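The structure appears below as structure tokens.
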2 protein chains.
Amino acid sequence: MRIEPPELKRRMNRLKARLRRSGVKLTHQRLEIFREVAKSLDHPDVETVFSGVRRRIPTISLDTVYRTLWLLIDFGLLTTLGPPRGRVRLDANMSSHHHFICRKCGMTRDFLNHKFDRLKIPNTVKALGSVESTQIEVRGICFRCSKKNKQKYRVQRKKEKK
Amino acid sequence: MRIEPPELKRRMNRLKARLRRSGVKLTHQRLEIFREVAKSLDHPDVETVFSGVRRRIPTISLDTVYRTLWLLIDFGLLTTLGPPRGRVRLDANMSSHHHFICRKCGMTRDFLNHKFDRLKIPNTVKALGSVESTQIEVRGICFRCSKKNKQKYRVQRKKEKK
DNA sequence: TTCCTATATAGTTATTATTATTAAATAAGA
DNA sequence: TCTTATTTAATAATAATAACTATATAGGAA
């Protein structure tokens, strides 16, 4: 399923503004990789993005796709479904609970909140399949990672001074 | 972080009842693999489960861990965080929206619901890190997969008759 | 515009995660 | 205890992701 053209254009403009502002090069490859994700409503995997972009840039390499996707994720222009990085994570708690997920390192913590249990599911969702559970996913950056980011930033500042 | 012993015991009992009822063998390995996931609150990855179990069963193979985990997931005794199977899935929609995820095939569909936007995040969650977004994750089985399951079941019934 | 240079890319190789295969071992019913 | 279908360990195969390096390019300076 495809997104509406005006919304796609908005997303492309946001990408360009953001990359320029950050002093990161605005390459053809980056634009096309972003476009491939941004135009779709089905949350493609990396392989799908790769073959989609390859139709327009036949020489693109898979490595570039991965590198670019992580870059865009780092800039907050894309996200992954669930925790970042491809690794299965298990959960044995089958009763109602919710998650905080760090979008940098994948750290996940449970929390309980009775207000969040028993949310009414819209019928449009029930039309997609049988519903088994509902949970809140709060995403953000854990304190450990935000500390790390600050350090990274400090180091870069030092480098610039040299 | 560890779970409370009585809750762990409850989970172990549920596992045993469920496997017996399904006519699946209740092996030492299966018990220990489940216990390793069930006792933890941090949602371990497969490697972590493997090395944890290996302390008690030094000869366990990684393959057994994978096979067992998927079996337990299939029986609804465990789940994965996010979509099943280890593959990064992308999302370019950075504004508020929610997901239905099929726990069999990973099919993911967006939906909007303004009631779900702006849920009040408890302070205990804010203590974990900076919150960037909040979304609902509805999990279940999509119609395509539930059809497939029925077919599988029909085939098994036929085999039994022979 | 043309040139320069830091940064990004393609192509390839390496690493890590997951799945398949098969001979030997074992749980659970007779 | 015996039997047999299932399960396992060990290994090999495949798939997903990341690293490496010589070449190419975006974007600022002249």
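Remember, it's a predicted structure, so these values are computed and weren't measured experimentally.
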Enumerate all atom pairs, one protein N or O and one N or O from nucleotides 4-7 of chain C, separated by less than 3.5 Å.
residue, atom, partner, partner atom, Å
C:dA6, N3, A:Lys25, NZ, 3.1

Grab the N/O contacts between the protein and nucleotides 11-14 of chain C below 3.5 Å, and write none if there aren't any.
residue, atom, partner, partner atom, Å
C:dG11, OP2, A:Thr59, O, 3.1
C:dG11, O6, A:Asp63, OD2, 3.4

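Hydrophobic clustering (ILVMFWY, side-chain heavy atoms < 4.5 Å, transitive): B:Met94 and A:Leu72 are in distinct clusters.
Each of A:Thr27 and B:Thr27 lies near DNA chain D, and the nucleotide nearest B:Thr27 is the one positioned closer to the 5' end. The 5' end of DNA chain C is approached more closely, in terms of each residue's nearest nucleotide, by A:Gln29 than by the other of B:Leu26 and A:Gln29. Heavy-atom nearest nucleotides on DNA chain C were determined for B:Val46 and for B:Arg20, and the one closer to the 5' end corresponds to B:Val46.
Rounded to whole Å, atom P of D:dA16 lies 18 Å from atom CG of B:Asp45. Summarising the geometry, the separation between CZ on B:Phe50 and P on C:dT16 is reported as 15 Å, rounded to the nearest angstrom. As rounded to whole Å, 12 Å separates atom C1' of D:dT6 from atom CG of B:Leu71. Rounded to whole Å, atom C1' of C:dA8 lies 13 Å from atom CD1 of A:Ile57. Between B:Glu47 atom CD and D:dT17 atom C1' there is a gap of 16 Å when expressed in whole angstrom units. Counting to the nearest Å, the P atom of D:dT8 and the CD atom of B:Glu32 are 13 Å from each other. Look at CG on A:Asp74: it is 12 Å from P on D:dA18, rounded to the nearest Å. To the nearest angstrom, P of D:dA16 lies 13 Å from CZ of B:Arg89.
Closest to the A:Thr64 side chain, of the nucleotides D:dA16, C:dT19, C:dA10, is C:dA10.
For D:dA18, neither phosphate oxygen OP1 nor OP2 lies less than 4.0 angstrom from any side-chain nitrogen or oxygen of A:Tyr66. Of the side-chain N and O atoms in A:Trp70, none sit less than 4.0 angstrom from OP1 or OP2 of D:dT17.
When all heavy atoms of A:Leu77 and A:Phe34 are compared, the closest pair comes out as O-CE1, 3.6 Å.
Between the side chains of A:Asn93 and B:His43, not a single donor N or O lies within less than 3.5 Å of an accepting N or O. Side-chain contact annotation: B:Thr64 with B:Arg67, donor-acceptor N/O pair under 3.5 Å present. Side-chain polar atoms of B:His99 and B:Asp91 form a donor-acceptor pair below 3.5 angstrom.
The backbone N or O of B:Leu112 sits nowhere less than 3.5 Å from a side-chain atom of B:His114 that would complete a donor-acceptor pair.
Residues A:Asp63 and A:Phe50 are not in side-chain contact: their nearest non-hydrogen atoms beyond the backbone lie 4.5 Å or more apart. Counting heavy atoms from C-beta outward, B:Ile33 and B:Ile60 have side chains that approach closer than 4.5 Å.
The pair B:Glu137-B:Arg139 meets the salt-bridge criterion, with a side-chain N (NZ, NE, NH1 or NH2) lying under 4.0 Å from an Asp/Glu carboxylate O.
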